[in-house]
Amino acid sequence: MTSLAYHRDNCRLCASCELELVVPLGPTPIADDYVPASRLNETQPTFPLDLYLCHACGHIQLLDVVDPNILFGNYVYVTSISTSLVEHFREYTDEVLRRANAAAGALVIDVGSNDGSLLNFFKQRGMRVLGVDAAREIAKQATESGIETIGAFFTPELARTIKQTHGAATIVTANNVFAHADDLGGMAEGIRELLAPDGVFVFEVSYMVDIVEKLLFDTVYHEHLCYHSVKPLQSFLARHGMELIEVERIAMKGGSLRGTAQLAGGPRKVSASVPEHLALEQRLHFDKPETFRAFATRIDGVKAKVLGELAQLKSQGKTVAGFGASATCTTLLYHFDLGDKLSFIADDNTRKHNTFSPGHHLPVLPPQSLYERKPDYVVILAWNYAQPILGKHQKFLEQGGHFIVPMPELRVV
Ligand SMILES: [Zn+2]
């Protein structure tokens, strides 16, 4: 292991060392590190991508942690460019305000606030807002555009400073960062520190139940350290002086959980949704390693079918490309050993064009490339979006091309 990463030996939620490797995935480079031509001579390091189950609390997690300065230091993803995400934030703001029953002028703090898109909606509803984001350049831009944002990692010390300068928060939100932080305990301490006695903490995280049921294994990459379910989260929050009072399944990222917590002994009742989700996870045997080993076996079953199909096409002299150049595609390319089987990758995102995929250095080209280079088959790596991609590229099918949808079941169109 290099100094770019380290392997932790205890659970991120409960500190137990009783951890068992349950889903070994192929090691990958940093999943979203698509490189320009000037970096093609670099060999990008790979890091283990293995999911472990904590026997003490049931939390599923990566233990190999890539230095966040490398992962997020050059983070360029800006929220507001995604219109569906902005729409999601609008709905989210209304829902959070309903849950918090907050008066105008109350303080809302978003941890991992990116360009301030979410806080902007709270501001429009008359709230005082403050963002915290480790990406310093994005934080600076957010502040300049009117959403005060501290460009730093969120720590208990920073939380104490914020409380002194801004007061206690009626609402604290933390969306995907609650799956990204290695020191999740420190983050929870900081949030408890900031919350007003009647305040709420609202977070969204990918839900392990959806990941297992829909085979979303490619949402596993090094930025996402935690794969949450309700039972481990509930006990984690309790250990940090907070009480989980409501959970809801939402469609974000193929299936996520929106959770609400308050300070222990706070004014709100625990909703029936909490015991309902605990019962669901119990029924699915989420405390047993066999459950997750079976998940790994299902993934490898699909992998074998995809490789069999590609070997057959290759023996017939067919050319094959890929579609989709996101972080999830890197996990799929590596775990399915597809790096040497595709000639290029097409993607709609103009910022990815003329870059090269992490590690394998497959060229990323605009979607027109399907019509110019005319590959015989195109593997839809972004298989969650197979339907819209197929819809948009009927012409490719009409010119005699075929699409391969690899997951959740191999399908050739
Ligand atoms: Zn644990």
Side-chain angles (χ1 to χ4, degrees), residues 13 23 51 53 57-61 79 82 84-100 110-112 118 121 171-180 184 188 191 200-221 223-238 242-262 268-288 291-292 294-295 298-299 328 383-387 407-408:
L13 293 193
V23 184
L51 287 177
L53 168 70
C57 79
H59 182 49
I60 297 281
Q61 59 204 302
T79 311
S82 156
S84 63
L85 199 53
V86 169
E87 196 40 57
H88 169 73
F89 284 163
R90 189 194 310 277
E91 176 273 326
Y92 180 84
T93 301
D94 290 336
E95 176 62 19
V96 172
L97 287 174
R98 184 192 67 74
R99 288 187 189 187
D110 187 23
V111 181
L118 174 61
F121 286 108
I171 297 169
V172 177
T173 53
N175 297 320
N176 299 300
V177 286
F178 214 54
H180 292 176
L184 214 54
I191 289 164
V200 292
F201 165 47
V202 183
F203 57 91
E204 284 184 2
V205 289
S206 293
Y207 191 22
M208 194 60 195
V209 168
D210 288 295
I211 292 174
V212 170
E213 288 185 338
K214 300 174 195 163
L215 277 185
L216 302 171
F217 81 95
D218 46 358
T219 60
V220 180
Y221 49 91
E223 280 183 32
H224 298 157
L225 296 168
C226 305
Y227 299 85
H228 289 292
S229 37
V230 174
K231 186 164 184 264
L233 265 176
Q234 183 193 40
S235 52
F236 168 72
L237 290 166
M242 290 184 273
E243 182 180 24
L244 186 64
I245 52 173
E246 189 168 347
V247 286
E248 179 192 355
R249 288 175 81 170
I250 55 169
M252 273 303 274
K253 303 201 170 197
S256 298
L257 207 56
R258 179 181 292 167
T260 307
Q262 65 181 0
R268 295 171 185 80
K269 279 198 185 126
V270 177
S271 113
S273 62
V274 176
E276 280 163 17
H277 284 78
L278 293 174
L280 168 70
E281 291 166 13
Q282 179 76 38
R283 276 200 306 281
L284 295 172
H285 304 292
F286 259 42
D287 51 347
K288 302 226 161 45
T291 305
F292 304 102
F295 167 63
R298 280 165 65 211
I299 296 164
T328 58
W383 57 275
N384 256 315
Y385 300 93
Q387 237 16 68
M407 304 279 297

Subject >> Over 12 foreign heavy atoms within 6.0 Å of CD, E91 >> reply: yes
**OP:** Output all residues satisfying side chain to side chain donor-acceptor pair (under 3.5 Å) with T328, sequence neighbours left out; order by chain, then residue number.
**Re:** S326
Subject >> Any side-chain heavy-atom pair of L53 and V23 under 4.5 Å >> reply: no
Original post:
Is any side-chain heavy atom of I60 less than 4.5 Å from a side-chain heavy atom of F286?
Top reply: no
Original post:
If you round to the nearest 0.5 Å, how far is CE of M242 from OG1 of T260?
Top reply: 12.5 Å
Subject >> H59 (side chain) donor-acceptor with C226 (main chain) under 3.5 angstrom >> reply: no
Between side-chain atoms of residues 245-257 and protein atoms elsewhere (two or more places apart, or another chain), which donor-acceptor pairs fall under 3.5 Å?
unit_1, atom_1, unit_2, atom_2, d
E248, OE1, R99, NH2, 2.7
R249, NH2, D210, OD1, 2.9
S256, OG, M252, O, 2.7

**OP:** Evaluate side chain to side chain contact (heavy atoms under 4.5 Å, CB included) for H224 paired with H180, printing each intermediate quantity in order.
**Re:** CA-CA 5 Å; H224 298 157; H180 292 176; 3.0 Å; yes
Subject >> Note, V212 side chain near R298 side chain (heavy atom, < 4.5 Å) >> reply: yes
**OP:** First locate atom OG of S229, then atom CG of D287, and finally report the distance between them rounded to the nearest 0.5 Å.
**Re:** 10.0 Å
Original post:
Taking all non-hydrogen atoms of both residues, which atom of Y207 and which atom of H228 are closest, and how far apart?
Top reply: CD1-O, 3.5 Å
Original post:
Hey, would you say the F292 and Y227 ring centroids sit under 6.0 Å apart?
Top reply: no
**OP:** Rounded to the nearest 0.5 Å, what's the gap from OG1 on T93 to NE2 on H88? Could you check?
**Re:** 9.0 Å
Original post:
OH of Y92 to CZ of R258: how many Å apart, nearest 0.5 Å?
Top reply: 6.5 Å
**OP:** For residues A179 and V205, report the shortest heavy-atom separation together with the two atoms involved.
**Re:** N-CG1, 4.3 Å
Original post:
When rounded to the nearest 0.5 angstrom, what distance separates CE in M407 from CG in N384?
Top reply: 9.0 Å
Original post:
Side-chain contact, heavy-atom cut-off 4.5 Å: L284 with E281?
Top reply: no
**OP:** Assess the pair F203 and F178: is the distance between their ring centroids shorter than 6.0 Å?
**Re:** yes
Original post:
With D110, which of V172, L118, V202 fulfils side-chain contact (heavy atoms from CB on, under 4.5 Å)?
Top reply: L118
**OP:** State the CG-NZ distance between L233 and K231, to the nearest 0.5 angstrom.
**Re:** 12.0 Å
**OP:** Please step through side chain to side chain contact (heavy atoms under 4.5 Å, CB included) for the pair I211 and S206, ending with a clear verdict.
**Re:** CA-CA 8 Å; I211 292 174; S206 293; 4.2 Å; yes
**OP:** Report yes if the side chains of L51 and V220 come closer than 4.5 Å at any heavy-atom pair, otherwise no.
**Re:** yes
